[in-house]
> 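Would you mind keeping the following structure in view while I ask a few things?
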Amino acid sequence: MGSRPFADYAQLLVGDLHASLASPVSESMNFLNEIALRYPGAVSLAAGRPYEGFFDLDDLPRYLSLYQQHLTERLSGDEERVRRTVLQYGRTKGVIHELVSEHLRLDEGINANPQDLVVTVGCQEALYLTLRALRRDERDVLLAVAPSYVGVHGAAGLVDMTLVPVRDAADGIDLNDLVMRIHEVRAQGRNPRACYVIPDFANPSGTRMSLETRRRLLRIAAEEDLLLLEDNPYGLFGDPDGPPTLKALDTAARVVYLGSFAKTGLPGARVGYVLADQRVVEAGSTAADGSAGTLADQLAKIKSMLTVNTSPIAQAVIGGKLLAHGCSLRRANVREIATYRDNLTRMLAGLERRLGNVPGVSWNAPEGGFFLLLTVPFPAGDDLLELCASTYEVLWTPVHHFYADTRPRNVVRLSFSHLRPEEIETGLDRLARFVRDQQQN
């Protein structure tokens, strides 16, 4: 049979599909990935990925074996249950929750009940589940620092939750602006459900909140009856004597903690988690007489209808890596931490040598993480990124993607995490030529 004429096929109007598909956010990752694919010779100062030099496929069977041994001991040698745990559909909340809980205790000072954890398909699912649960109707809104991680804009759009931007600051968030936005939202008859923050080496800014800012933020959350969604993919890649996570300081269950093993474990495993220990009660009841468990229990209900469960095989790999290092990912990432610190030092020194005397050019100096922001004397949008990739063979990320719009701004995000030293030097050489040429145009 021949192919049918295109006109005979069912056609759907874009305007009849979900509104999130028309948002600039929905195209951000595709566009940036396509640019990288079209210009494979370009040095990428754009990709926020972990360094691949330490990846080793031989680790996978070793991690699986370690987790198998762990399960065998835990299940008193019942091999049938061991096989079922790893190879069959699994517990919706996950099977490595106890290991994750121990990791949080050791590395973050967070005392988490394993039953309050939901292991997810990456942190993005954790974020989606949380917003889906919190968004009851169109009055519910999410507050978030602007600029902010592209994924939070996307997740909010998918659950039809309005995102209200809060001003950024050198310390990570403008708390006065946060309070003002909360009051504005309520005056409009809307309900501020939560505020999304990345306190440690934020994406895209690389900033880290001080201890005092964290404490003030927790006080505001209590005073304003607000939840805080703390996303922490980069916290281990900084000074271990730095400020504690918000969740470690949280004494009133104001913080929903979003975690990921993409940067500290293996990105290909696609394993994240959410710690949601907030009590859930029936209307008009107290926790004593009308408890519906915790928010984690509610998130598990949604997950059961979305991904059913997170791959137990992927969890076993991450569980094995945790076991191999005594459940401390700070210990597991000693080489990575040193690499990222060296790359950051090289990046800052390289920018100073090449662009330190160029008018209108400046940058911030994070103390860890994967990113920094470069200010340039011209609007840097997607069109200039394409030009830079094709002519100068270097990539960066226009910051407008972190505002969920298409308006070019005089700021770009630079990433240094996945590069070798010589790639950083080459990339900065090319970037400096581009910036100087654009300044003269």
Side-chain angles (χ1 to χ4, degrees), residues 50 54-56 58-76 81-82 85-86 90-91 93-123 126 200 230-250 255-277 296 309-340 368:
F54 301 132
F55 287 1
D56 188 346
D58 291 338
D59 285 338
L60 300 185
R62 181 167 66 90
Y63 292 155
L64 285 170
S65 178
L66 284 170
Y67 186 69
Q68 180 183 357
Q69 293 170 29
H70 166 77
L71 269 185
T72 300
E73 293 174 7
R74 185 164 157 257
L75 299 176
S76 304
R81 288 183 64 194
V82 170
T85 299
V86 176
R91 177 178 178 270
K93 282 187 176 181
V95 298
I96 61 169
H97 48 301
E98 293 174 340
L99 298 177
V100 176
S101 175
E102 180 64 5
H103 147 62
L104 290 174
R105 185 187 70 80
L106 290 172
D107 288 332
E108 305 290 3
I110 297 171
N111 292 314
N113 182 336
Q115 300 305 317
D116 295 335
L117 287 159
V118 180
V119 182
T120 56
V121 183
C123 189
D200 291 289
E230 180 179 18
D231 194 354
N232 188 24
Y234 312 106
L236 289 185
F237 305 124
D239 182 0
D241 295 324
T245 61
L246 287 171
K247 191 60 183 174
L249 297 169
D250 181 24
V255 179
V256 177
Y257 191 76
L258 306 165
S260 172
F261 297 110
K263 309 300 188 294
T264 56
L266 288 170
R270 298 303 301 131
V271 176
Y273 61 91
V274 53
L275 171 58
D277 55 359
N309 65 291
T310 300
S311 164
I313 297 173
Q315 291 186 69
V317 170
I318 294 300
K321 182 163 186 173
L322 287 167
L323 290 164
H325 298 91
C327 287
S328 171
L329 286 177
R330 192 176 295 279
R331 192 181 306 156
N333 282 272
V334 169
R335 296 175 304 176
E336 288 83 353
I337 291 168
T339 295
Y340 301 146

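Quick caveat: nothing in here was measured; it's all calculated off a predicted structure. Values reported hereafter were calculated over all heavy atoms of this structure, with side chains retained and with hydrogens, waters and symmetry mates removed.
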> Let me confirm one number: the CD-CD distance from E98 to Q115, rounded to the nearest 0.5 Å.
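Output value for this atom pair is 7.5 Å.
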> In the structure I gave you, are the side-chain heavy atoms of T85 and L75 within less than 4.5 Å of one another anywhere?
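Yes, close enough: below the 4.5 Å cut-off.
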> Looking at S101 and L117, what are the two nearest heavy atoms and their distance?
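Answer, listing the atom of S101 first, then L117: N-CD1, 3.8 Å.
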> Which value, rounded to the nearest 0.5 Å, describes the distance between D107 atom CG and S328 atom OG?
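With rounding to 0.5 Å, CG (D107) is 3.5 Å from OG (S328).
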> Quick one: closest heavy-atom pair of A126 and T120, and the distance?
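Looks like CB-OG1, 3.6 Å.
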> What residue among I96, I318, L104, V118 forms side-chain contact (heavy atoms from CB on, under 4.5 Å) with Y273?
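Running side-chain contact (heavy atoms from CB on, under 4.5 Å) over I96, I318, L104, V118 with Y273 returns exactly one hit, L104.
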> Donor-acceptor pair, K321 side chain versus G265 backbone, under 3.5 Å?
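Yes, because the side chain of K321 sits within donor-acceptor range (under 3.5 Å) of the backbone of G265.
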> Taking E230 for the side chain and L246 for the main chain, is one N or O donor matched with an acceptor at less than 3.5 Å?
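Indeed, once roles are kept as given, a pair shorter than 3.5 Å links the two residues.
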> My understanding is that only residues two or more places apart in sequence, or in another chain, count here; which of them pass salt bridge (Lys or Arg N to Asp or Glu O under 4.0 Å) with E108?
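With sequence neighbours excluded, E108 shows a salt bridge (Lys or Arg N to Asp or Glu O under 4.0 Å) to no residue whatsoever.
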> Who passes side chain to side chain donor-acceptor pair (under 3.5 Å) against T72, sequence neighbours left out?
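Listed in chain order: nothing, the list is empty.
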> Closest approach of A262 and S260, non-hydrogen atoms and distance?
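It is N-OG, 2.9 Å.
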> Could you report the tightest heavy-atom contact between L66 and G320, atom names first, then the distance?
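Taking every non-hydrogen atom into account, CD1-O, 3.7 Å.
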> Going by the rule salt bridge (Lys or Arg N to Asp or Glu O under 4.0 Å), which residues pair with D250 if we only count those two or more places apart in sequence or in a different chain?
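Testing D250 for salt bridge (Lys or Arg N to Asp or Glu O under 4.0 Å), a comparison that skips the adjacent residues, returns K247.
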> Look at the aromatic rings of F237 and Y340 and report parallel, tilted or perpendicular, splitting at 30° and 60°.
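Perpendicular.
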> Apply side-chain contact (heavy atoms from CB on, under 4.5 Å) to L60 and list each qualifying residue two or more places apart in sequence or on a separate chain.
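L60 satisfies side-chain contact (heavy atoms from CB on, under 4.5 Å) with L57, L266, V317 only.
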> Give the minimum heavy-atom separation between R331 and H325, together with the two atoms involved.
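Looking at all heavy atoms of both residues, the closest pair is NH1-O, 3.1 Å.
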> Please name all residues satisfying side chain to side chain donor-acceptor pair (under 3.5 Å) with N309, sequence neighbours left out, ordered by chain then number.
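So N309 forms no side chain to side chain donor-acceptor pair (under 3.5 Å) with any residue.
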> Can you name the residues that form a side-chain contact (heavy atoms from CB on, under 4.5 Å) with D239, not counting sequence neighbours?
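Residues passing side-chain contact (heavy atoms from CB on, under 4.5 Å) with D239: R208, D241.
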> Assess the residue pair R330 and I337 against the criterion (side-chain contact (heavy atoms from CB on, under 4.5 Å)); give the C-alpha distance rounded to whole Å, side-chain angles, the decisive distance to 0.1 Å, and a yes or no.
CA-CA 8 Å; R330 192 176 295 279; I337 291 168; 4.2 Å; yes
> If we only count heavy atoms from C-beta on, is the V119 to V271 side-chain gap below 4.5 Å?
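The answer is yes, as the side chains (C-beta and beyond) meet within the 4.5 Å cut-off.
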> Output all residues satisfying side-chain contact (heavy atoms from CB on, under 4.5 Å) with S311, sequence neighbours left out; order by chain, then residue number.
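S311 satisfies side-chain contact (heavy atoms from CB on, under 4.5 Å) with I313, A314 once adjacent residues are dropped.
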> Mind checking what makes salt bridge (Lys or Arg N to Asp or Glu O under 4.0 Å) contact with R91, not counting sequence neighbours?
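Partners of R91 by the salt bridge (Lys or Arg N to Asp or Glu O under 4.0 Å) criterion come out as none, since no residue qualifies.
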> D59: what forms a side chain to side chain donor-acceptor pair (under 3.5 Å) with it, not counting sequence neighbours?
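Once residues adjacent in sequence are excluded, the partners of D59 under the side chain to side chain donor-acceptor pair (under 3.5 Å) criterion are R62.
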> Taking the side chain as C-beta and beyond, is there a heavy-atom pair between L323 and L99 under 4.5 Å?
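Yes, at least one pair of side-chain atoms sits under 4.5 Å.
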> So, the side chain of Q315 versus the backbone of T310: is there a donor-acceptor pair under 3.5 Å, distance only?
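Looks like yes, one N/O pair under 3.5 Å.
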> With no hydrogens and no angle check, is any side-chain donor or acceptor of N333 less than 3.5 Å from a backbone partner on E336?
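Flag not set: sc N333 to bb E336 has no pair under 3.5 Å.
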> For the side chain of D200 and the backbone of N232, is there at least one donor-acceptor N/O pair under 3.5 Å apart?
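Not confirmed, D200 side chain does not pair with N232 backbone.
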> With sequence neighbours left out, what residues match Y257 under ring pair (Phe, Tyr, Trp, His ring centres under 6.0 Å)?
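None.
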> Could you pull out the closest heavy-atom pair between L64 and A316, with the gap in Å?
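Heavy atoms only, the tightest pair is CD2-CB, 3.7 Å.
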> Restricting to salt bridge (Lys or Arg N to Asp or Glu O under 4.0 Å), what partner residues turn up for R105, sequence neighbours left out?
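Once residues adjacent in sequence are excluded, the partners of R105 under the salt bridge (Lys or Arg N to Asp or Glu O under 4.0 Å) criterion are E102.
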> Partners of A276 by side-chain contact (heavy atoms from CB on, under 4.5 Å), sequence neighbours excluded?
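Expected list: V256, V274, Q278, L295, A296, L299.
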> With under 30° as parallel and over 60° as perpendicular, where do the rings of F261 and H103 fit, or are they tilted in between?
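Tilted, since the angle between the ring planes falls between 30° and 60°.
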